[in-house]
Amino acid sequence: MGVAKPGIKVAALCGSLRKASNHRGLIRSAVEICKESIPGMQIEHVEVSPLPMINTDLEEEGGKFPAAVEELRRKILRADSYLFASPEYNYSIAPPLKNAIDWASRAPNVWADKAAAIVSAGGNFGGGRAQYHLRQTGVYLDLHFINKPELFVYAFQPPAKFDADGNLIDAEVKERLKQVLLSLQKFTLRLRGQC
């Protein structure tokens with residue numbers, strides 16, 4: 001009998017607010033994959049839509065933040081690693097995701113020294129430019145992104161990768177997503193000194 005891997009809590013953040021978003025579909029699929037075939041790894045989708053736009057005038061004395069921001073920061077701090085589903089807007093990170101990143105980076109930065117992975121779906125580069133921009137942002141945040149595998153889903157080329165509700169339906173992409181999650185699990189354990 002094999003030894004069970006220590007439990008890992010992953011906070012998943014989606015840069016798209018649309019309910020039928022392909023990026024939300026990637027997160028839903030990641031949750032299912034963990035439940036079905038990656039023991040010891042649990043993903044929680046952390047919703048970013050309730051957050052106000054970052055404005056330091058909203059911070060209170062003593063380092064207090066608006067309630068939605070405090071909740072986000074608690075979930076980020078409790079997580080062992082992160083999964084970003086990052087759409088590409090104008091060659092960069094989508095505003096809702098960047099807003100969440102910025103709120104959680106306010107002192108004290110709750111992102112630091114944890115593993116992260118990025119997945120995206122889009123047009124001819126599959127969201128790759130946003131991923132690379134997010135990696136640059138992660139340098140300042142002290143995030144440690146897995147290097148491989150990368151997942152860029154060419155969402156608009158046949159065969160269909162997502163259904164009309166944004167659910168991932170492509171078996172090959174699901175397997176590639178699973179490999180990203182396994183790499184994130186391994187790297188998280190390595191950073192914790194448990195592999």
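Heavy-atom basis, side chains included; hydrogens, waters and symmetry copies ignored. Along the sequence shown, residues carry numbers from 1. All values reported here derive from a predicted model rather than from experimental measurement.
Of the inter-residue distances, the one linking Leu151 atom CG with Arg176 atom CZ reads 5.0 Å to the nearest 0.5 angstrom. Distance SG/Cys34 to CD1/Ile43: 3.5 Å, rounded to 0.5 Å. Atom CG in Leu184 sits 9.5 Å away from atom CG in Leu189 (nearest 0.5 Å). Rounding to the nearest 0.5 Å gives a distance of 5.5 Å between NZ of Lys178 and CD of Glu175. A distance of 4.0 Å separates CG in Leu177 from CD1 in Ile33, rounded to the nearest 0.5 Å.
Of all non-hydrogen atoms in Gly128 and Ser120, the two that sit nearest each other are N-OG, 4.2 Å. Nearest heavy atoms, Leu51 versus Ala68: CD2-O, 3.5 Å. Residues Leu97 and Gly15 share a closest heavy-atom pair of CB-CA, 3.6 Å. In terms of heavy atoms, Val46 sits closest to Ala11 at CG2-CB, 3.8 Å. Contact detail for Arg24 and Glu47: the closest heavy-atom pair is NH2-OE2, 2.8 Å. Taking each heavy atom of Trp111 and Ala100 in turn, the nearest pair found is CZ2-O, 4.0 Å.
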| task | Would you please test Leu83 and Leu181 for side chain to side chain contact (heavy atoms under 4.5 Å, CB included) and show each step? | result | CA-CA 9 Å; Leu83 175 65; Leu181 296 172; 4.2 Å; yes
| Test log, rule side chain to side chain contact (heavy atoms under 4.5 Å, CB included), inputs Leu26 and Phe162 | CA-CA 9 Å; Leu26 287 169; Phe162 299 89; 4.1 Å; yes
| So Arg135 and Asn147, side chain to side chain contact (heavy atoms under 4.5 Å, CB included) or not? Walk me through it. | CA-CA 10 Å; Arg135 284 177 181 274; Asn147 291 323; 4.0 Å; yes
| request: Could you walk me through whether Thr137 and Ile93 pass side chain to side chain contact (heavy atoms under 4.5 Å, CB included), step by step? | output: CA-CA 10 Å; Thr137 302; Ile93 306 163; 3.8 Å; yes
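At distances below 3.5 Å, at least one donor-acceptor pair connects side-chain atoms of Lys114 with backbone N or O atoms of Leu77. With hydrogens and angles disregarded, a donor-acceptor distance shorter than 3.5 Å links the side chain of Asp163 to the backbone of Asp165. A donor-acceptor pair is defined here as one N or O able to donate and one able to accept, closer than 3.5 Å; such a pair exists between the side chain of Arg73 and the backbone of Arg106. At distances below 3.5 Å, at least one donor-acceptor pair connects side-chain atoms of Gln185 with backbone N or O atoms of Pro39. Judged by distance alone, the side chain of Asn99 and the main-chain N or O of Pro52 form a donor-acceptor pair under 3.5 Å. At least one donor-acceptor pair under 3.5 Å links the side chain of Lys161 to the backbone N or O of Gln157. The backbone N or O of Gly25 lies less than 3.5 Å from no partner atom in the side chain of Ser29, so there is not a single donor-acceptor pair. Not one N or O on the side chain of Glu88 forms a donor-acceptor pair closer than 3.5 Å with the backbone of Ala121. Remark: side-chain polar atoms of Ser105 are paired, donor with acceptor, to backbone N or O of Asp102 under 3.5 angstrom.
Using a 4.5 Å cut-off between side-chain heavy atoms of Ile, Leu, Val, Met, Phe, Trp and Tyr, with links allowed through other members, Ile101 and Phe145 fall into the same hydrophobic cluster. Both Leu134 and Ile54 are members of a single hydrophobic cluster when ILVMFWY side chains are connected at heavy-atom separations under 4.5 Å. Under a hydrophobic clustering in which Ile, Leu, Val, Met, Phe, Trp and Tyr are joined whenever their side-chain heavy atoms come within less than 4.5 Å, directly or via other members, Phe84 and Leu182 fall into different clusters. Tyr82 and Ile38 fall into different hydrophobic clusters, where Ile, Leu, Val, Met, Phe, Trp and Tyr residues are linked whenever their side-chain heavy atoms come under 4.5 Å apart, directly or through other members. In the hydrophobic cluster analysis, where Ile, Leu, Val, Met, Phe, Trp and Tyr join through side-chain heavy atoms closer than 4.5 angstrom, Ile76 is grouped apart from Ile8.
More than 12 non-hydrogen atoms from other residues, nucleotides or ligands lie less than 6.0 angstrom from CD of Glu70. Summarising the local packing, CG of Asn90 is surrounded by 12 or fewer heavy atoms from other residues, nucleotides or ligands at distances under 6.0 Å.
The shortest distance between side-chain heavy atoms of Arg18 and His23 does not fall below 4.5 Å. Considering only heavy atoms from C-beta on, Thr188 stays 4.5 Å or farther from Lys9 through its side chain. You'll find the side chain of Glu44 reaches within 4.5 Å of the side chain of Lys75, heavy atoms only. Residues Val10 and Met41 are in side-chain contact: their nearest non-hydrogen atoms beyond the backbone lie under 4.5 Å apart. Within the 4.5 Å cutoff, side-chain heavy atoms of Ser183 are placed close to those of Pro149. A 4.5 Å side-chain heavy-atom check between Val153 and Asn22 finds every atom pair outside the cut-off. Between Arg192 and Asp80 there is a side-chain heavy-atom pair separated by less than 4.5 Å. Residues Leu72 and Phe65 are not in side-chain contact: their nearest non-hydrogen atoms beyond the backbone lie 4.5 Å or more apart.
With salt bridges taken as basic N to acidic carboxylate O contacts below 4.0 Å, none links Lys35 and Glu32. With respect to the salt-bridge test (charged N to carboxylate O, under 4.0 angstrom), the residues Glu36 and Lys174 do not qualify.
With Ser92 as the partner, the side chain to side chain donor-acceptor pair (under 3.5 Å) test is satisfied by one option alone out of His133, Arg129, Lys98: His133.
Aromatic ring pairs are classed by plane angle as parallel below 30°, tilted from 30° to 60° and perpendicular above 60°; the pair Tyr132 and Phe125 is tilted.
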